[in-house]
Amino acid sequence: MAIPLILASKSMPRRNVLNAAGVCPTIRVSHVDELAALAAAAAKDGIDVGELSIGERVAILAEAKAQAVYQAYRNVAATADAASGECVVGYPLKAAGQSQADAEAARNETEPGKPIDYSTAHIATTRDFSGVSIPTETQPINVFTASRPGLVHSSVGPLILGCDSMFLMDGECYGKPHSVEAARERLKHMSGATGELWTGHCLVDFATGRVVRDASHAVVHFSEFSGDDIERYIATGEPLEVAGSFTLEGFGGAFIDGIEGDPSGIIGLSLPLVRRLTERLGIAWPDLWNVRSELAPTESKAEGAGHAGIEPPKENVHQPGDGWIDCDCGRKHWGVNGASGVLLARRDERTGNVTHVVMQHRAVWSAEGGTWGIPGGATAQGETPIEGALRESYEEANITPEDIDVVGSYCEDHGPWAYTTVFAFEKPGHTVEPKANDDESMEIAWVPIEQVGGLKLLTAMRTDWPRFAARLNALAAAYR
């Protein structure tokens, strides 16, 4: 199994460079205050920020971003490791009366080869198992997670990669211009000139905490471009949010006459540098390969073929684990490694009774769009369903793992696919402030528990809610 890589950047060009090199990363944005990070590093050395070289600056910022994501994953791992209670595993397809005919009927609802609109297609809707007596088994939650690869017990990885780039010309450092005016002045100055693009990288091994960092640079020779070229380039929007106001792989590439040094570093991710950093951690670069190559021999002939297996991401697929799977129930489910989410409850400080739960109003374009469910998503490589639920619920709904206690779970197991609902309470004295962090939600809100049943719920949630509500109340009574 490949060692997972977490990219502390939402940059599509960086992700594309990695994908072309055989590595599909998990994406986690760092949200670092760059000015504060540079000021802190300079103060530690007793110097001013202006005295830091450009190489030092990009390396410092790359480490700050990697460390921010590392801490976020440490919070996930700590909360998952402290999980208590029981995991109930349900097997609806083993229930009496759940015949293969039902699954075949569901599969036959779509035309072979015809694209599926997952927001409306019935085949992407979870089967309704209400009224079915589902066989279950119960085990301690730590037993449920112990047999699965995860962050807590990892001996190596995942690796967390931080990146930062700056452009140096005539002794001055340039980051992203952000405004049209700044981009215009920079591009005028760059016409026919030569500069240096510096890219810093930092790798953190989550399992050991080891940190390595360094920087690479390349000399860039620009063609002369006219005022009209500049205005039309600015109109594309491209130069506003990229280091140095230009790109190699986009509209700006036509105005670059030559490069001396590492071309991938100009795109924002230096493959040679990241490979060297990986090797400094004692890890072979091919151990990160997790993208299936169309040119590779068949698995029976290819040594180490087990390291490959996922497709390079399409535009709407962001990380390993994302994708639709054909399930034994006859439907298609999201998450090639399964999926999970957090059902977070708030309790009355005086009585301990559950008063509210966090609910997600799903985006219209998503499967069963417009319904209500819980925040969650596909389980990524190298994490347990509990860890995946905590990560996803923070990314989607700002449910901060350090502010909650995991008290139980329910896993609906379909064989090749499973969904794990993680039951959690706010920690005493802690407050979770949920909000929609991305376009997967129309709304994230605390909903009074007595009002949940009146919402238009996701099919699976509508089926499970009576049992979930009863279990939350029982758990609250036990935790008083």
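What you see is a predicted model; the values in this text were computed from it and never measured.
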Margin query: Filter on salt bridge (charged side-chain N to carboxylate O under 4.0 Å, His left out), then keep only pairs touching residues 46-63, sequence neighbours left out; what's left?
Written below: E63-R213

Next item on the list: Sort and list the pairs that fulfil salt bridge (charged side-chain N to carboxylate O under 4.0 Å, His left out) and have at least one residue in residues 396-413, not counting sequence neighbours.
Entry: none

Backbone N or O of [Y] within a donor-acceptor pair of the [X] side chain at under 3.5 Å?
X	Y	result
W446	E433	no
D229	S226	yes
W372	M461	no
D257	H221	no
H217	G55	no
D287	I3	no
D45	I47	no
S191	K188	no
H333	W324	no

Margin query: I'd like to know if R391 and E387 make a salt bridge, using a cut-off of under 4.0 Å between side-chain N and carboxylate O.
Written below: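 So R391 does not pair with E387 through a salt bridge.
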
If we only count heavy atoms from C-beta on, is the [X] to [Y] side-chain gap below 4.5 Å?
X	Y	value
F144	T384	no
E440	S366	no
T400	N75	no
L5	L203	yes
I444	K435	no
P320	T26	yes
S393	L344	no
L390	I404	yes

Notebook entry, point to check: What do the steps show when you test V212 against R276 for side chain to side chain contact (heavy atoms under 4.5 Å, CB included), and what is the final call?
Noted result: CA-CA 10 Å; V212 290; R276 291 194 295 270; over 6 Å; no

I need the [X] [atom1] to [Y] [atom2] distance, nearest 0.5 Å.
X	Y	atom1	atom2	answer
L458	R362	CG	CZ	5.0 Å
I256	L197	CD1	CG	8.5 Å
R74	Q67	CZ	CD	11.0 Å
T278	D205	OG1	CG	10.0 Å
W417	I325	CH2	CD1	9.5 Å
S441	N398	OG	CG	11.5 Å

Note to self: Determine whether the aromatic ring centres of residues F423 and Y410 are separated by less than 6.0 angstrom.
What the structure shows: no

Checklist line | Output field: ring centroids F222/F246 closer than 6.0 Å | finding: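 For F222 and F246, the ring centres are under 6.0 Å apart.
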
Note to self: Tell me whether the rings of F206 and Y73 are parallel (<30°), tilted (30 to 60°) or perpendicular (>60°).
What the structure shows: perpendicular

Which atom of [X] lies closest to which atom of [Y], heavy atoms considered:
X	Y	result
I6	R28	CG2-CB, 3.9 Å
A64	V32	O-CG2, 3.6 Å
G321	N337	CA-ND2, 3.6 Å
S154	A207	O-CB, 3.4 Å
V204	A66	CG2-CB, 3.9 Å
S216	L273	N-CD2, 3.7 Å

Does [X] [atom1] have over 12 foreign heavy atoms under 6.0 Å away?
X	atom1	result
F251	CZ	no
E241	CD	yes
K10	NZ	no
R232	CZ	no
E443	CD	yes

Next item on the list: Determine, stepwise, if the pair D326 / K332 fulfils side chain to side chain contact (heavy atoms under 4.5 Å, CB included).
Entry: CA-CA 5 Å; D326 291 312; K332 290 181 177 289; 2.6 Å; yes

Next item on the list: Any chance you could lay out the side-chain hydrogen bond (donor to acceptor under 3.5 Å, both in side chains) test for Y394 and T79, step after step, and finish with the verdict?
Entry: CA-CA 12 Å; Y394 173 72; T79 299; over 6 Å; no

Margin query: Show, in sequence, the C-alpha distance, side-chain angles and deciding distance for R275 and E279, and conclude whether the side chain to side chain contact (heavy atoms under 4.5 Å, CB included) test is met.
Written below: CA-CA 6 Å; R275 175 186 53 78; E279 292 169 348; 3.3 Å; yes

Notebook entry, point to check: Looking at N437, I374, V432, which hits side chain to side chain contact (heavy atoms under 4.5 Å, CB included) with I399?
Noted result: V432

Checklist line | The single option from N19, V17, L18 passing side chain to side chain contact (heavy atoms under 4.5 Å, CB included) against R15 | finding: N19

Margin query: Under the criterion side chain to side chain contact (heavy atoms under 4.5 Å, CB included), I'd like the reasoning laid out for F225 against M190: C-alpha separation, chi angles, the key distance, then a yes or no.
Written below: CA-CA 9 Å; F225 27 87; M190 289 159 57; 4.2 Å; yes

What side-chain donor-acceptor pairs closer than 3.5 Å can you find for residues 156-177, not counting sequence neighbours?
residue : atom : partner : partner atom : Å
D164    : OD1  : K65     : NZ           : 2.8
S165    : OG   : T199    : OG1          : 3.1
D170    : OD2  : H189    : NE2          : 2.8
E172    : OE1  : Y174    : OH           : 3.4

